[in-house]
Number of protein chains: 2
Amino acid sequence: MRIAELSRRSGVAVPTIKYYLREGLLPPGELTSPNQARYGERHLRRLRLIRALIELAQVPVASVKVVLQAFDSETMSLHERIGTVHRAITPHRQVTADDDVRAAATAQVRELIARRGWAVEPDAPAIATLVETITALRALGQDSLAGHLDAYAEAVERFTELELAAVTSHADPDQIAESVVIGTVLGETLIAALRLLAQESISARLLGPASASGQ
Amino acid sequence: MRIAELSRRSGVAVPTIKYYLREGLLPPGELTSPNQARYGERHLRRLRLIRALIELAQVPVASVKVVLQAFDSETMSLHERIGTVHRAITPHRQVTADDDVRAAATAQVRELIARRGWAVEPDAPAIATLVETITALRALGQDSLAGHLDAYAEAVERFTELELAAVTSHADPDQIAESVVIGTVLGETLIAALRLLAQESISARLLGPASASGQ
DNA sequence: GCTTACGGATACTGATACTATCCATGAAGA
DNA sequence: TCTTCATGGATAGTATCAGTATCCGTAAGC
């Protein structure tokens, strides 16, 4: 298959495919002559994965590259791949706030992790995000949300366990790695969408579409 | 308080504050003379909210404006506010894929919604995201993830119920609206961070940090 | 042989989120 | 009162990101 067909079958414009080739997201096609290449089903699959990461999970192109490296790695353990993906998809966030509010949030997160017996690196990027988010919630007077962390953690733990169990039931370790990498990134999009639907539905039931507020 | 102090206390640069004023994210200060304004604690709070939405929840500036309008509205019902926020934070996604794969995903989502008895608008933006995500997962051969939708939906429903219950326990309807808007947006960041931590921990336990894979 | 498509390189574009500069005016200390 | 500095408001400039567009010499296919 040449680039035009790859473009047609993937729905991605030819210049965009060339861009992904340049950026190293898509491996080069097999050269049949100095200026003629051939692409296979592997390229089509990869292109679909790239588009899903960019379009659905909103992962920046530079991070997609890192994710794909973890995806392709022949040497990383599954745990290392997960760490790499987590670092790639977690932006460095530092919202300015009172240092003592943040200190309290940090303590709360540390206690939560201890209480749940979670084995995580102390510099896991998600910890910083969690601390900043709780700090922001408290600074905004939303203590009720920040105060129910344990309940959220339990619910989240449930489906994460489920997800990893489903995925590790594959026989092939390569396939497990593939599933975990895809699941880590697209799972977030999936869960976020489900949450919005659940919220819409529960709010309709609890409050009624006509129950006005704010007058 | 004048702009320099607002900047100092919020940690946001003066030109950025001016930019938010221009964009209508931040209401103008009270003019004490034709070219002198005074800002209050309300502005400081608003600025913190803006930064949390942009930095933590990665909401684009244009969407922050829409979210804040729902936040401030004197006429929208809670349900309308939620709908507005959902539309603002959900990008229009359309990943090209086989139409029959998408049709199957659409049917699956419709059945899920029916099975759970969710009362959602058929054109809810999250439905499109969900359909596209499931389509992508199936196209990538990750049927195991897409196949456990019901279990995810149940877990998600649990903490969404919890969240709305916690929030509607406030007496003041204005405060409820505020909490729901903030919770809808920042809750996603919170849950995503918790999920990454749970995943890291479970993967460490299940697979061991040293269990290599992919050789 | 002629037209069309191709691979590869380079340059350009539009959107986003700020930053910087300018200017006339007003506040505030010497 | 004088003077210096900050301020509000307007306009222009910048960096980054994610593509798009163009060009060129070569190869495929009728």
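To find a chain, count down the sequence lines: A is the first, B the second, and so on, and within it residues start at 1. Predicted model only: the values in this text are computed from it and were never measured. Heavy-atom basis, side chains included; hydrogens, waters and symmetry copies ignored.
- A salt bridge links A/Glu178 to A/Arg45: at least one charged side-chain nitrogen sits closer than 4.0 Å to a carboxylate oxygen.
- Under 4.0 Å is where a charged nitrogen must lie from a carboxylate oxygen, and between A/Glu5 and A/Arg38 no such pair does.
- A salt bridge links A/Arg102 to A/Glu132: one of the charged nitrogens lies within less than 4.0 Å of a carboxylate oxygen.
- Residue A/Leu21 is classed as having no contact, given no heavy-atom separation below 4.0 Å to the nucleic acid.
- Looking at B/Ser63, its side chain does come within 3.5 Å of a backbone N or O of B/Ala88 through a donor-acceptor pair.
- Taking atom CZ of A/Arg2 as the reference point, atom P of C/dG7 lies 7 Å away to the nearest angstrom.
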Please encode protein proximity along nucleotides 11-26 of chain C as a string of B, S and -, counting only heavy-atom distances under 4.0 Å.
------BBB-----BS
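- Heavy-atom contacts of chain A under 4.0 Å fall on DNA chain D between two terminal nucleotides, which in 5' to 3' order are D/dA18 to D/dA28.
- A donor atom on one side chain and an acceptor atom on the other are found under 3.5 Å apart for A/Ser179 and B/Gln142.
- Under the 4.0 Å criterion applied to side-chain N and carboxylate O atoms, A/Arg195 and A/Glu200 are not assigned as salt-bridge partners.
- B/Arg81 has no carboxylate O lying under 4.0 Å from a charged side-chain N of B/Asp72, or vice versa, which leaves the two without a salt bridge.
- Remark: A/Glu41 engages A/Arg9 in a salt bridge, criterion side-chain N to carboxylate O under 4.0 Å.
- Look at CG on B/Leu31: it is 15 Å from C1' on C/dA27, rounded to the nearest Å.
- To the nearest angstrom, P of C/dA27 lies 16 Å from CD1 of B/Ile3.
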